[in-house]
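The structure under discussion appears below in the form of structure tokens.
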Amino acid sequence: MTCARLTPQNLPRLSFHEILMIRFDQVGKRYPGSNEALRDISFEIEQGELVFVTGHSGAGKSTLLKLIAAIERPTSGTVLIGNQNVSKLRPAAVPYLRRKFGMVFQDHKLLYDRNAFDNVALPLYINGISGNEAGKRIRAALDKVGLLGKEKAMPISLSGGEQQRLAIARAVVSRPSILIADEPTGNLDANYAAEIIRLFYAFHQVGVTVIIATHDAGDISAQEGRKLKLAQGELQMQSELQT
Amino acid sequence: MRDWLSQQRQALQLVLARMWKARLATLMMCGVMGVTLCLPGILYVIVDNLNRLAGDVQNEPKISLFLKLDTTPETLKELEKRLSANPAVKSYRFVSKDSAWQELRQNAGLGDVTGGLEQNPLPDAYFVQSKEAEPAAVDGLLRQMQQWPGVEHALVDANWVKRLYALLALGNKAILVLSGLLGFALLAIIGNTIRLQILTQREEIEVSKLIGATDRFIRRPFLYAGALYGLGGGLTAWLMLASVIWLFNLSVAELAELYASSFRLGMPDMPAALAIIGGAVGLGWLGAYWAVNRSLSQLEIT
Ligand SMILES: Nc1ncnc2c1ncn2[C@@H]1O[C@H](COP(=O)(O)OP(=O)(O)OP(=O)(O)O)[C@@H](O)[C@H]1O
Ligand SMILES: [Mg+2]
């Protein structure tokens, strides 16, 4: 199993993190031509926290994560990332904010016209990193998710779980301060799911803020970490901040 | 700066790899651009060579000054002085009305006509050769002489030169218009090609934007692609032009030898070649820029 390799030595060296606090203040989100996906959401996430966002299908988990990652903008209220108000950001500044996040999308959003290596390379290229430095980082990220032997494989030839892990490798390769994962264990069996959750714990332990959306609340209720529970677009419950 | 350079290199490598993958399509694209650019190029070569030919022809136009019938010897002296002093005049010749009359009467077939005339109807005349062949210069001289005292009528006998020059001017205008139209067509061709490429890479663009790519990052490889198509097209156009001229010279050489002339079509000079290639690169870049911006706003990627 891949987690056997997860020793502190091969974790990303995160010597410095920007202190990025995430703050939602009475945030609402309405997609054009549909009901409100989120209503009056207020919470804070501090740098280095591990947070689970739970709720039924359609509760608004993905929408919440997209608001955090500056992929969607709120229709009411304010979203603050660090000191930046996402709604008031100049369009030209948005890409630079997004680069602070590592995002695992619910539908992976892998590129099927290129191999695993090149998929993981994309965020580095966007950050202007190429050559040997990029190669080293890409292999380290693939190694972390146990796909080092498959760097030449095309995503379509990978299993569902492998694709999910590839998406995780792409999210962590640029060493983001905040890791956001939308249902990263969605179609995995219990073993793989536990393994991936352990992977996220490892990132959490080196100081990365980790936010995970998941619908099977039962599975994580025993886990450590704070929980934000959504129902019908409203924040039903948030557990205490653990220190 | 180093970052910037490495980003440019990265984009260029990406584009070259993509083009290499689609070699055939790239070649076709360059071919289409080459043919399109070649057309005004050929026209340019024709007009350019005609221009040189026109300059070669010894064609100082002759201006005929017909004097008033009542011209006095003083006026003649005055005219003589002006003609010899004018720097635009190469040479001149005076023909008196009497000698003209003699000549006319001696001319065989015209004997009957002149026989019926009792007195000499002909005026004195000067025949002047201008130094310049340029129609504008000749015209200026003509108008000037028209004002001189004793001059009844001034005529220029080089209307064909005028026509040639007018034709060349027309040719130059035609080149401009043709270049403009074909340039627009090229813009559309490149824009459309780039637009199709953007569509096939839509996923990549979307994902890139979601994880923090700037518009500039997304635009960069396409701009390189457009400029490279332009470069390929420009070079192809130049090659085609060179082969057309070479083929033409093969047959024109024999013809020219018959006339003891060494006339050959000249290759477009360096500035013209650079203009073709540079223009093509610019057009490619512009077409790509236009296509990317349009597509980016159409895809409505947040
Ligand atoms: N792009 C969109 N356009 C319109 N409506 C949307 C869009 N995205 C989400 N919605 C709506 O917003 C609501 C919340 O969607 P969201 O994707 O956040 O739910 P979710 O909690 O992630 O569900 P799941 O567990 O199934 O992924 C849903 O009712 C959905 O129909
Ligand atoms: Mg979802």
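Any value given below was found using the heavy atoms of this structure, including those in side chains, with hydrogens, waters and symmetry copies removed. In what follows, chains carry the letters A, B, and so on, assigned in the order in which the sequence lines appear, proteins first and then strands, with residues in each chain numbered from 1.
- Neither the backbone nor the side chain of B:R216 comes within contact range of chain A, judged by heavy atoms closer than 4.5 Å.
- Applying the salt bridge (charged side-chain N to carboxylate O under 4.0 Å, His left out) rule to B:E203 yields no partners; only residues at least two apart in sequence or on another chain are considered.
- Using a 4.0 Å cut-off between charged nitrogen and carboxylate oxygen, B:D215 and B:K209 count as a salt-bridge pair.
- Using non-hydrogen atoms only and a strict 4.5 Å limit, no part of residues 33-41 of chain A faces chain B.
- A:R73 does not touch chain B: none of its heavy atoms, backbone or side chain, sits under 4.5 Å away.
- The two residues B:R18 and B:E204 come nearest to each other via the heavy atoms NH2-OE1, 3.5 Å.
- Qualifying salt bridge (charged side-chain N to carboxylate O under 4.0 Å, His left out) partners for A:R23, counting only residues two or more places apart in sequence or in other chains: A:E44.
- With A:Y31 as the aromatic partner, A:K29 meets the cation-pi criteria of under 6.0 angstrom to the ring centre and within 45 degrees of the ring axis.
- The greatest number of non-hydrogen atom pairs below 4.5 Å with chain B, out of A:A171, A:S130, A:S174, A:G131, is found for A:S130.
- With a 4.5 Å cut-off on non-hydrogen atoms, A:Y125 touches chain B through its backbone and its side chain both.
- Electrostatic pairing of B:E206 and A:K109 does not count as a salt bridge here, judged by no charged N lying under 4.0 Å from a carboxylate O.
- In this structure, B:Y289 and B:W285 have parallel ring planes: the angle between them is below the 30° cut-off, well short of the 60° mark.
- With a 4.5 Å cut-off on non-hydrogen atoms, A:I129 touches chain B through its backbone but not through its side chain.
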Just list the side-chain donor-acceptor pairs under 3.5 Å for residues 172-185 of chain B, sequence neighbours left out, or say none.
{"from": "B:S179", "atom 1": "OG", "to": "B:I175", "atom 2": "O", "distance (Å)": "2.6"}

